[in-house]
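Please read the structure below before turning to the comments.
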Amino acid sequence: MGKYEELAINIVREVGGKENVNSLTNCITRLRFKLKDEGKANTEVLKNMDGVVTVMQAGGQYQVVIGNHVPDVRKDVDAVLGVLEPVADDGPKGNLFDRFVDMISGIFQPILAPLSAAGMLKGVNAVLAFALGASFSGSSTYAVINAMGDGLFLFLPIFIGYTAMKKFGGSPFLGMMIASSLVYTGFIDGSATAAFAESGGLNFFGIPFSIPAAGYGSTVMPIIAAAAFSAFLEKQLRKIIPDVVKLFLVPFFTALIAIPLTFLVIGPIMNVVADGLGNGLLAIQDFNPIIFGAIVGFSWQILVMFGMHWALIPFVIISLSQGQPTSLLTGSGSVSFAQTGAVLAVMLKTKNMKLKELSIPAFISGIFGVTEPAIYGITLPKKKPFWASCIVGGVLGAVAMGLGIQAYQMGGLGIFRYTGQISPDGDMKLAIYSMILDAIALAAGFGLAWVLGFKDDEPTVQLSKEDAKLAATGQKKKLAKDEVFSPLEGKALPLSEARDAAFSEGIMGKGLVIEPANGEVVAPFDGTVMTLFPTMHAIGLISDTGIELLIHIGIDTVQLEGEGFQAFVEQNAKVKKGDKLVSFDIAAIEQAGYSTQVPIIVTNTPDYADLIIQADRSVKQGDVLITAVISN
């Protein structure tokens with residue numbers, strides 16, 4: 001297990017335990033659980049859990065938003081869950097659209113990253129061919145890079161065969177076997193059709209069938225439907241075939257039945273369905289592309305929040321895999337930059353130092369197209385900045401459609417999507433248009449969010465005339481040291497003895513731990529309450545001289561949801577040293593099975609030249625705990 005072991009254990013417990021988990025996938029920022037019973041999950045506990053941004057329930061999925069480090073958390077969650085056997089849904093959940101979105105996201109999300117990488121490779125190859133001319137486009141290097149980009153799209157059904165079969169609860173490698181038959185060489189290059197043309201064409205035991213002119217390579221819908229049927233058939237066969245021969249006979253009969261049926265019935269029908277759905281979307285787009293772009297641009301972040309943007313993804317992939325450019329996602333192109341501009345406005349305008357710190361990684365992620373940290377952590381809680389980004393996204397979505405911007409291949413997110421807008425002959429005009437619109441989106445998102453403003457929950461610290469003068473001139477107050485007094489009575493221990501890795505490893509800053517002798521926490525200095533958690537298990541303070549302090553009462557006591565805690569102050573309240581802040585019931589915490597250790601952390605540790613920490617002793621309220629050495 002990795003460094004997120006405790007977080008993983010807590011997440012699995014609060015989603016109802018391993019026995020409540022049917023399946024788990026992840027996207028760029030979220031763990032996407034499929035639960036047997038979402039009612040067993042403790043949603044509010046998860047939302048308030050350290051390490052969890054928020055929880056979303058949409059499309060039949062229980063989505064735990066983590067942030068950019070979700071792959072590392074996923075590894076530890078997988079270790080807690082162990083190997084999950086493929087499990088089919090226990091009956092459909094939600095309306096038809098929710099179930100469709102859940103199916104699509106489950107199938108395409110695992111391969112979206114390599115699809116984007118393949119598209120970016122094709123874009124790079126087009127640029128090189130344009131820049132270097134015929135000498136490069138006719139070279140074996142060009143051919144190799146082209147194969148790197150085209151190979152995945154040509155054999156796309158094999159990849160989807162795996163993910164779709166897994167999604168429907170079948171054997172993934174059996175799905176790959178079925179898909180391999182669809183992209184068999186003779187069926188892709190047309191040689192099989194030509195070989196039997198004079199004898200009446202292709203047939204299976206006298207039943208005629210045909211292969212699309214381009215074959216089933218690069219197709220999507222036929223293998224999805226084939227996998228759904230095959231997973232169902234496999235389950236039925238497992239019920240009737242004896243265990244002693246089940247290992248071989250189940251895949252044998254599944255393939256023997258499913259593959260011919262796919263060529264005869266499933267494939268042709270799904271091609272017609274795919275064409276109909278694709279043409280329907282194009283008809284909406286063609287009705288008024290500018291309005292279409294405005295709607296997509298304005299609503300894109302809302303769709304992302306609920307995972308509903310997946311509904312458009314398969315039709316984009318279908319078009320691109322068949323060599324046809326698409327503008328279905330054109331309206332969403334600059335949205336992430338509008339969101340990023342709004343985050344920048346919040347970062348520069350807020351007086352809340354914690355919000356400023358959160359805004360920095362959210363801003364960086366937004367440049368690369370990952371906006372969930374910005375949405376959930378910054379703009380959505382502030383409301384107006386979020387709507388500012390939606391408005392800018394809608395306007396520029398309409399402009400992008402008006403300019404005729406489209407994608408020629410899959411690209412990455414954010415700035416990495418430009419390679420997808422380079423035409424096969426190396427024309428970068430559309431990519432340049434997108435760069436210009438993105439720059440405008442960043443500036444407009446910033447400007448509109450700044451003008452609309454937001455409610456800033458950071459307390460205003462009153463400065464003395466001397467401090468105000470120093471701040472105005474950029475000078476630092478010449479103070480050799482500052483002190484933090486003990487907010488509790490008990491035994492002070494080194495921080496390394498904290499029973500939580502996030503504290504013991506100093507990830508959040510330097511400090512110490514107190515094993516309390518009583519359940520009363522008082523103010524350790526004159527200052528302001530920056531943060532008071534709803535569960536009252538933790539309180540953040542800032543001293544009048546700038547020390548930022550976190551007092552975390554107990555380990556994992558957020559799970560008690562405030563039971564046994566009582567607060568005597570409110571957020572933004574001014575406090576004096578010794579003022580009563582919070583009381584807590586030591587016996588109740590211990591009876592619930594949690595540690596009563598109280599980590600005390602200086603969260604702005606880098607602001608000080610040194611922190612002198614006095615641990616390994618008994619302390620009373622008011623004793624000096626930490627001396628902060630300040631640079632002159």
Side-chain angles (χ1 to χ4, degrees), residues 112 115-127 129-130 149 153 278-279 281-304 309-341 366-371 389-445:
L112 195 57
L115 277 172
S116 298
M120 290 170 70
L121 284 167
K122 288 170 66 68
V124 168
N125 217 23
V127 172
F130 178 77
F153 287 99
N279 289 335
L281 280 173
L282 290 175
I284 297 173
Q285 178 181 304
D286 292 342
F287 173 73
N288 192 311
I290 293 177
I291 293 178
F292 180 82
I295 292 173
V296 171
F298 179 85
S299 62
W300 185 253
Q301 292 173 107
I302 301 170
L303 296 176
V304 168
H309 60 302
W310 286 102
L312 290 173
I313 298 300
F315 304 106
V316 173
I317 293 174
I318 288 171
S319 293
L320 296 178
S321 62
Q322 293 175 350
Q324 301 172 358
T326 179
S327 54
L328 285 176
L329 295 184
T330 294
S332 68
S334 296
V335 173
S336 66
F337 289 89
Q339 178 70 233
T340 304
I367 295 295
F368 300 113
V370 181
T371 55
S389 67
C390 290
I391 293 169
V392 172
V395 171
L396 293 181
V399 173
M401 290 296 292
L403 291 172
I405 294 176
Q406 57 186 355
Y408 294 96
Q409 51 259 332
M410 290 293 293
L413 301 174
I415 59 175
F416 294 122
R417 83 182 196 284
Y418 303 141
T419 56
Q421 295 165 341
I422 300 170
S423 70
D425 61 3
D427 187 352
M428 297 181 62
K429 179 179 69 176
L430 298 184
I432 293 172
Y433 284 169
S434 287
M435 293 177 193
I436 295 171
L437 289 182
D438 289 349
I440 294 172
L442 187 69

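Remember, predicted model here, so these are calculated numbers, not experimental data.
Minimum heavy-atom separation, M401 to Q285: CE-CG, 3.8 Å. Annotation for P424 and Y408: closest pair CD-CD2, 3.7 Å, computed over non-hydrogen atoms. The minimum heavy-atom distance between A431 and Q421, with the atom names listed, is CA-OE1, 3.7 Å. Considering every non-hydrogen atom in both G393 and V335, the closest pair reads CA-CG2, 4.0 Å. Taking every heavy atom of both residues into account, A441 and S334 meet most closely at CB-O, 3.5 Å. Considering every non-hydrogen atom in both F153 and A118, the closest pair reads CE1-CB, 3.8 Å.
Here the options are I284, V296, V316, the test is side-chain contact (heavy atoms from CB on, under 4.5 Å), and the partner is L328; only V316 passes.
With 3.5 Å as the limit, one finds no donor-acceptor pair spanning the side chains of S327 and Q406.
Between I440 and F337 there is no side-chain heavy-atom pair separated by less than 4.5 Å. Between S423 and L430 there is no side-chain heavy-atom pair separated by less than 4.5 Å. Using a 4.5 Å cut-off on side-chain heavy atoms (C-beta onward), D438 and L442 make no contact. In this structure the side chain of F292 never reaches within 4.5 angstrom of the side chain of F287, judged on heavy atoms.
Atom OG1 of T340 and atom CD1 of I367 lie 5.0 Å apart (nearest 0.5 Å). Rounding to the nearest 0.5 Å gives a distance of 10.0 Å between CG of L396 and CG of L403. I432 contributes atom CD1, which lies 9.0 Å from atom CD1 of I422 (distance to the nearest 0.5 angstrom). To the nearest 0.5 angstrom, S332 atom OG is 15.0 Å from F298 atom CZ.
Although no hydrogens or angles enter the test, the distance criterion places no donor-acceptor pair under 3.5 Å between the side chain of Q409 and the main chain of L121.
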